[in-house]
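Values below: every heavy atom of this structure, side chains too, minus hydrogens, waters and symmetry copies.
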There are 2 protein chains.
Amino acid sequence: MQLKSLRLFMAVAETGSFVTAANQLHTVQSNVTAHIKKLEDELGVQLIQRAGRVRPTSAGLALVEYAERMLTAHDEAVSLFRGQEKACGRLRIGAMETTTAVRLPPILAAYHAAQPDVDIQIKTGPTAELVELLLDGQVDCVFVAGRLEHSRYHLLKAFSEQLVLVGSTPMTTMPSSQELLTSAFLAFRQGCSYRQRIELLLASHGVNAGRIFEFGSLDAMLGCVAAGMGYTVLPRGTVEAHQHRFGIHTLELPASIANVDTYFAAFEPETWTPALASFAETLREAVAIDEPQLTAS
Amino acid sequence: MQLKSLRLFMAVAETGSFVTAANQLHTVQSNVTAHIKKLEDELGVQLIQRAGRVRPTSAGLALVEYAERMLTAHDEAVSLFRGQEKACGRLRIGAMETTTAVRLPPILAAYHAAQPDVDIQIKTGPTAELVELLLDGQVDCVFVAGRLEHSRYHLLKAFSEQLVLVGSTPMTTMPSSQELLTSAFLAFRQGCSYRQRIELLLASHGVNAGRIFEFGSLDAMLGCVAAGMGYTVLPRGTVEAHQHRFGIHTLELPASIANVDTYFAAFEPETWTPALASFAETLREAVAIDEPQLTAS
DNA sequence: GTCAGGCTATCTCAAAAAAAGATAGTAACG
DNA sequence: CGTTACTATCTTTTTTTGAGATAGCCTGAC
């Protein structure tokens, strides 16, 4: 059974004429006859009544419903990829908690304005999990900290973050080693790339990895820092966005530890749906506006 | 886009291998490559990631959903016509009020037992309307009074009815012409074939068509007859089935007027769905049991 | 690092199928 | 009774498909 045959069948059923159907679909009458005959042979039933009026038989009418479902699905699939201008379908994005909270909202808003027919789904998690999701095909693209070493990725430096130490009291210098040793550190669950920065930081002060508490959400983590439970390390933008809600204080860290780039990663552009391609374009534009000196070079 | 290509695509997406997919669908690997390549060219997107692991890309995963819808619809359509043993789908029957009430129930019960997967829909109406429904393709078959003169019908004499005069008082002879003239006659709405029998009856007693009231349902009609509103003409079996509920009385009519055959009518058997073919078979069997003398001849 | 094994892309040829045109037969209409 | 419009059938040409053979590539093991 071929979709082409079903198209012709539907045209005959609707127009009541083989000739008209042939013209509508830019072919000749003999081909319409042949296609319908083949359909009838395959199904073992007469689908079109030719004697007198040309109209679908009972069996033909029964087939119409299924043919419509097949052709509708086909047309939707085609418009998914070949839809001119407007993308449609679904876009699944994986991003870190901090990126989702601070960086994504304006970009998603711009994207949704440009492509209102795309359903957007966000999955959050630490970098390592996001990479797994991408490899698994559970998301179409991810925002991760640091370059992905894996080949065959399309990478775009999306955001530059500056990590700061976050604590419950004002700081002008790094806490003493003694203080660091006795304090707890709060981080996202295993796989969070910021977590290794914490360990780097501790190591640079001659302190072995102390107690590290894992958190699932940014709010919970900041709440506990504010309550004096310990320190954490987060992008400056993220902290600033929440600073009015929590009594927290920050301290700048040395550049070698502080600077982290967030990359947009997906597979090769040839594998992108129009929805994803359009998102990458939106992102490129947003990045260009944020960092004009980079695009000028 | 061809369903065959989608089948191969789905097999590749599921098995992660061109070779395995080829074997599953009884073809060779080079054909799988060609079909998928053609799909990719048509949609302008890479659907399968070949480098390293063979797996669907984002675009491929998006297509999977639509491919499933198309293939499922296809398989269902095929099983509609080529389903071995069990028919499925829908059977739309048109029948007269009286036939539906008395004759159809046992046949439908037998049919449903034989073909539990078929949805049965009954439309009731007078003979003339039923013929229209059949011609319009709104039902698959009808039960009508009298042979359909139209050619190209498949006809089967289903039931022989004997019409009786129904009134509110016991009768031993035909009411007088005077009585008939002053009485009302109750019939189904325009198009009911029994209605012409009433007019025949009146004419044979030298009475021109008097007042005829139209009713939409059997119950309403019998209720009004019992209340002394007038006479009606109905199959004996129908009246007997309702006699315990209404105070009504019958009188046999001369055979020329009384005998009416109910025919099963549909288009040629080649146009039948398996559901309809099976119903015709059930009906033939039921008729053979009711009238063994006919099948013996 | 090299080699073997398994996998996919590509090329080629034969077979099959589809498209288009021409023609004949048939039903409807005036 | 002839005309017209329609579909079925036949034929030819073109396109597509299927299958085999081969080359190239990646992976994993030694």
Reckon [X] has a side-chain N or O less than 4.0 Å from the OP1 or OP2 of [N]?
X: His35(A); N: dA17(C); answer: no
X: Asn31(A); N: dA20(C); answer: yes
X: Thr33(B); N: dT8(C); answer: no
X: Lys4(B); N: dG18(D); answer: yes
X: Thr27(A); N: dA20(C); answer: yes
X: Gln2(B); N: dT16(D); answer: no
X: Arg50(A); N: dC6(D); answer: no

Tell me: [atom1] of [X] to [atom2] of [N], nearest whole Å?
X: Phe18(B); N: dG24(D); atom1: CZ; atom2: C1'; result: 15 Å
X: Leu8(A); N: dA18(C); atom1: CG; atom2: P; result: 11 Å
X: Asn23(A); N: dA5(D); atom1: CG; atom2: C1'; result: 13 Å
X: Leu25(B); N: dA19(D); atom1: CG; atom2: P; result: 12 Å
X: Glu40(B); N: dT10(C); atom1: CD; atom2: P; result: 11 Å
X: Leu47(A); N: dA8(D); atom1: CG; atom2: P; result: 12 Å
X: Ile36(B); N: dT8(C); atom1: CD1; atom2: P; result: 10 Å
X: Gln49(A); N: dT7(D); atom1: CD; atom2: P; result: 13 Å

Open item on the list: Checking contacts here: which listed nucleotide (dT8(C), dG20(D), dA17(C)) is nearest the side-chain heavy atoms of Lys38(A)?
Closed with: dA17(C)
Open item on the list: Let's see if you can work this out: which of dT8(C), dA8(D), dC6(D) has an atom nearest to the side-chain heavy atoms of Gln29(B)?
Closed with: dT8(C)
TODO: Measure the acute angle between the ring planes of Phe159(B) and Phe143(B), then classify it against the limits of 30° and 60° as parallel, tilted or perpendicular.
DONE: parallel
- [ ] Give Val32(A) one of three labels, base, sugar-phosphate or nothing, depending on what nucleic acid heavy atoms sit under 4.0 Å from its own.
- [x] nothing
TODO: Examine the side chains of Thr57(B) and Gln46(B) and answer whether a donor and an acceptor come within less than 3.5 Å of each other.
DONE: no
Task: Any side-chain donor near an acceptor of the partner, Gln29(B) and Thr33(B), under 3.5 Å - done: yes
Task: Arg53(B) vs Val28(B), nearer the 5' end of DNA chain D by closest nucleotide - done: Val28(B)
Task: Centroid-centroid distance, Tyr153(B) to Tyr263(B), less than 6.0 Å - done: no
Task: Test item: Thr98(A) and Thr262(A) side chains (from C-beta on) under 4.5 Å apart, heavy atoms - done: no
Task: Flag side-chain contact, heavy atom, 4.5 Å: Val54(B) against Ser17(B) - done: no
Open item on the list: Within this structure, what is the CG-CZ distance for the pair Leu134(B) and Arg92(B), rounded to the nearest 0.5 Å?
Closed with: 9.5 Å
Open item on the list: Could you check whether the side chain of Ser30(B) and the base of dG18(D) have a donor-acceptor pair of N or O atoms closer than 3.5 Å, going by distance alone?
Closed with: no
- [ ] Would you work out how much the helix from dG1(C)-dC30(D) to dG30(C)-dC1(D) bends between its ends, with each end axis defined by five base pairs, to 10 degrees?
- [x] 30°
Open item on the list: Main chain of Asp261(B), side chain of Arg147(B): is a donor-acceptor contact present, judged purely on distance under 3.5 Å?
Closed with: no
